2 protein chains.
Amino acid sequence: MDPLDSPNSRPALAAQSSPQGIAADLVAVLVAVTSGEPRVLTIQDQRALPSGPFELAHRSLQSGLRAWVERQTRLPLGYVEQLYTFADRDRAGATGQHVISISYLGLTREQPTFGEHEARWRGWYDYFPWEDHRDGPPPLMEKTLQPGLKAWASAVSDRTAQRARRQRAAMLFGFEEHSWNEELVLQRYELLYEARLIPEATRGSSSTSTSNHAALSNTPGHAMILDHRRILATGIARLRAKIKYHPVVFELMPDTFTLLQLQRCVEALAGRQVHKPNFRRLIEQQELVEETGETSQDTGGRPAKLFRFRRAVLAERAIAGTKLPVSGA
Amino acid sequence: MDPLDSPNSRPALAAQSSPQGIAADLVAVLVAVTSGEPRVLTIQDQRALPSGPFELAHRSLQSGLRAWVERQTRLPLGYVEQLYTFADRDRAGATGQHVISISYLGLTREQPTFGEHEARWRGWYDYFPWEDHRDGPPPLMEKTLQPGLKAWASAVSDRTAQRARRQRAAMLFGFEEHSWNEELVLQRYELLYEARLIPEATRGSSSTSTSNHAALSNTPGHAMILDHRRILATGIARLRAKIKYHPVVFELMPDTFTLLQLQRCVEALAGRQVHKPNFRRLIEQQELVEETGETSQDTGGRPAKLFRFRRAVLAERAIAGTKLPVSGA
DNA sequence: TGATATATACTCTCGTTGAGCATATGTTAT
DNA sequence: ATAACATATGCTCAACGAGAGTATATATCA
């Protein structure tokens with residue numbers, strides 16, 4: 001079953017307003033990696049993703065997004081990919097118009113932000129602190145999430161349902177025997193939402209139902225408006241899956257870079273460490289990069305060769321196959 | 001780059017009608033596999049995919065699709081997944097209203113169709129005859145597509161561009177040294193579209209531009225209205241990718257089945273043969289199925305054990321990892 | 001000069017995967 | 001009845017790739 005739109009991910013809400021037409025919004029997850037940290041462009045005091053109306057003047061959704069982003073932020077968008085279309089939930093705005101949100105993932109390099117719309121770059125682990133396993137599982141997993149999820153699992157009467165809940169939590173968060181799977185970003189967020197460990201979950205509902213408010217006091221991660229955090233989770237999940245078989249990482253790198261910089265970028269996105277020798281072996285044997293001839297001695301240590309991305313591989317292999325190792329440390 | 005919405009996949013078309021609001025359509029790719037053939041539900045004399053307006057009465061897009069499909073066709077929808085949202089091209093209908101199409105993939109089992117809307121099941125290789133490689137590359141690849149694509153590659157003056165075109169065609173269709181990749185359904189369709197080897201490509205344009213009409217005479221595959229064939233290609237591609245790491249095949253199988261039936265189903269979807277012993281090894285070592293205790297002797301030969309899908313694996317492993325081998329024969 | 005940090009290279013083992021072969025147990029034709 | 005055949009089921013082997021560890025080279029810094 002598709003994790004998005006799973007039947008129990010949102011409380012049922014019968015639409016009441018009569019259809020006055022539909023408006024389409026574009027929502028963008030714009031990602032950059034700066035000094036080893038994955039970052040996302042935000043607006044509204046870092047509580048929202050950039051979004052705007054889809055204007056019919058553009059010949060496609062994608063070109064519409066491109067034009068709009070580049071006008072608003074002057075970022076050159078390297079790679080763009082559609083994420084998902086949302087139309088559920090309390091999206092009826094003040095006008096009574098229903099809004100469909102079409103979300104996109106865009107990769108770029110961080111630039112000084114322009115004043116308009118108070119756009120700011122912010123590290124994406126501010127919103128998902130439990131997703132950063134580069135130095136092992138973060139403490140809040142054990143301190144906050146595990147108890148909260150345990151409480152959620154116990155909050156149901158049926159014995160079998162309890163076990164199912166516990167199993168689901170363990171599988172998604174790597175408790176007990178289960179190993180951590182960095183791609184399940186969205187499913188984890190939706191579980192936390194369902195368990196009401198996320199402020200967004202209790203926002204609209206008028207404090208009915210069985211929420212465990214105890215855990216809500218120290219709720220993890222920075223919240224966002226509407227379902228923007230969910231959209232961000234979708235984008236992170238997609239990107240983490242994509243870097244494994246498609247050379248999109250290079251859209252986030254400067255023109256020339258060292259292999260360690262590239263590795264740090266992959267680690268930042270995947271949220272876990274990578275075995276250095278294996279990483280280099282895979283990069284080189286796939287001929288993804290070529291030496292520039294120059295070296296860099298930024299970090300203090302033996303100078304590292306500088307490389308650049310071989311754009312030709314996009315034509316040679318297209319999607320066919322390009323693997324990056326994202327595995328245990 | 002996302003193959004959908006690639007900048008050159010459609011001729012530029014400036015929107016002229018003033019925005020009168022936007023309508024949202026749902027388009028469904030409903031798939032079943034019957035007697036070893038992948039089939040798709042069609043309407044309008046098999047020239048269209050089922051589609052209808054998104055009604056705001058539903059609490060989500062997905063539940064809207066479910067309700068609508070089950071009302072129209074009385075099919076129980078097992079697995080549903082969003083495919084893509086289209087808003088480009090000449091989607092301005094007679095009313096001048098712009099239409100956004102949100103497409104979904106649904107898996108089911110073929111049922112006798114009900115009269116309404118002249119719904120009919122049709123083999124999907126009727127629309128994409130070049131995608132069926134179960135008995136090796138189909139003859140039309142060499143007889144029709146290769147010459148047509150060669151002509152398209154030669155139709156450009158620049159030497160470098162010619163080579164790029166030839167390489168792209170070879171990579172996608174497995175010419176020369178390249179091997180066939182069954183997942184590139186959409187990219188192949190878009191290349192044929194770009195090369196104007198598909199009737200949909202020359203439909204709206206008033207016979208200008210450099211089309212090679214010679215090849216158009218024996219254009220391969222059954223055409224559809226609007227971009228429905230493109231949507232179908234998207235669905236096939238998604239499904240071919242998905243069966244490799246997620247046990248969705250079972251949504252297309254009857255309750256009990258033999259391993260060979262299961263294999264034939266996978267082969268039908270993937271469009272290529274599968275190594276039998278390896279297939280069985282993978283299925284069994286992953287404990288995806290359990291014996292029913294009964295046997296089937298339909299085909300004449302040693303009776304085969306009947307199996308059923310272990311639905312528990314969905315809870316145990318969720319998305320984590322389930323591999324089906326789709327490789328050479 | 002030595003300590004340290006990084007870059008770069010090599011080796012080894014294990015599991016997976018692709019592929020071929022052998023055997024078991026039915027049905028169908030002669 | 002028997003041979004031929006078709007399918008089911010099980011086993012083996014070689015090649016490859018992934019994970020993990022170790023060793024050496026070359027710079028900076030105290």
Side-chain angles (χ1 to χ4, degrees), chain A residues 35-36 133 136 179-182 243-245 256-267 270 272-307 317 320-329, chain B residues 35-36 133 179-182 243-245 256-267 270 272-307 320-329:
Chain A
S35 59
H133 285 229
S179 61
W180 176 257
N181 182 341
E182 75 279 356
I243 53 172
K244 290 182 184 167
Y245 61 91
T256 67
F257 47 84
T258 70
L259 289 184
L260 185 60
Q261 283 172 336
L262 183 65
Q263 180 183 343
R264 293 288 178 243
C265 181
V266 169
E267 289 175 337
R272 68 189 315 172
Q273 286 197 333
V274 159
H275 189 85
K276 193 198 284 197
N278 293 346
F279 180 81
R280 301 165 138 271
R281 176 175 61 189
L282 223 60
I283 297 293
E284 289 177 334
Q285 85 186 9
Q286 289 182 114
E287 301 180 304
L288 290 176
V289 297
E290 61 190 4
E291 300 184 14
T292 66
E294 300 171 16
T295 58
S296 154
Q297 59 255 46
D298 288 351
T299 51
R302 171 172 168 178
K305 289 181 191 167
L306 281 173
F307 293 85
R317 298 202 278 274
T322 302
K323 297 167 211 160
L324 284 190
V326 176
S327 61
Chain B
S35 58
H133 286 230
S179 61
W180 175 258
N181 183 341
E182 74 280 355
I243 54 173
K244 291 181 184 168
Y245 60 93
T256 68
F257 47 84
T258 70
L259 289 184
L260 186 60
Q261 283 172 336
L262 183 64
Q263 180 184 342
R264 294 285 178 246
C265 181
V266 169
E267 289 174 337
R272 67 189 318 172
Q273 288 197 330
V274 159
H275 188 83
K276 194 198 284 197
N278 294 345
F279 181 80
R280 299 164 140 275
R281 175 175 62 188
L282 224 59
I283 296 294
E284 289 177 336
Q285 83 184 13
Q286 290 183 113
E287 301 180 303
L288 290 176
V289 296
E290 60 190 4
E291 300 185 14
T292 67
E294 300 171 15
T295 58
S296 154
Q297 58 254 47
D298 289 348
T299 50
R302 171 173 169 179
K305 288 181 191 165
L306 282 173
F307 293 85
T322 303
K323 298 168 211 162
L324 284 190
V326 176
S327 61

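If you're wondering where the values come from, they're calculated on a predicted model, not measured in any experiment. We use all heavy atoms of the structure for the numbers below, so side chains are in, but hydrogens, waters and symmetry mates are not. Residue numbers begin at 1 in each chain, while the letters A, B, ... track the order of the sequences.
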Would you kindly give the [atom1]-to-[atom2] distance between [X] and [N], to the nearest whole Å?
X	N	atom1	atom2	value
B:Arg272	C:dG18	CZ	P	10 Å
A:Glu284	C:dA7	CD	P	13 Å
B:His275	D:dC13	NE2	C1'	12 Å
A:Gln263	D:dG19	CD	P	13 Å
B:Arg280	D:dT12	CZ	C1'	17 Å
B:Ile283	D:dG10	CD1	P	14 Å
B:Leu282	C:dG15	CG	C1'	13 Å
A:Asn278	D:dC16	CG	C1'	14 Å

Given C:dA7, D:dA18, C:dC21, which nucleotide is nearest the side-chain atoms of B:Pro277? C:dC21
Which nucleotide in D:dT7, C:dT8, C:dT17 has an atom nearest any side-chain atom of B:Leu260: D:dT7
Is it the case that atom CD in A:Glu294 sees more than 12 heavy atoms from other parts of the structure closer than 6.0 Å? no
Has B:Glu287 got more than 12 heavy atoms of other residues, nucleotides or ligands less than 6.0 Å from its CD? no
Have a look at A:Lys276 and say if it touches a base, only the backbone sugar-phosphate, or nothing, with a 4.0 Å heavy-atom cut-off. base
Within the structure provided, determine whether A:Leu259 and A:Glu284 are in side-chain contact (heavy-atom separation under 4.5 Å). yes
Note, A:Leu306 side chain near A:Thr295 side chain (heavy atom, < 4.5 Å): no
Hey, what do you get for CD (B:Gln273) to CZ (B:Arg264), rounding to the nearest 0.5 Å? 7.0 Å
How long is the straight-line distance from NE2 of B:His133 back to CD of B:Glu267, given to the nearest 0.5 Å? 14.5 Å
The criterion is side-chain contact (heavy atoms from CB on, under 4.5 Å); which residues satisfy it with A:Glu291, sequence neighbours excluded? A:Lys305, A:Phe307
Polar pair under 3.5 Å, donor/acceptor by atom type, side chain A:Arg281, base D:dG19: yes
Return the polar atom pairs (N/O with N/O) between nucleotides 25-30 of chain D and the protein under 3.5 Å, or none.
| from | atom 1 | to | atom 2 | distance (Å) |
| --- | --- | --- | --- | --- |
| D:dA25 | N3 | A:Arg302 | NH1 | 3.0 |

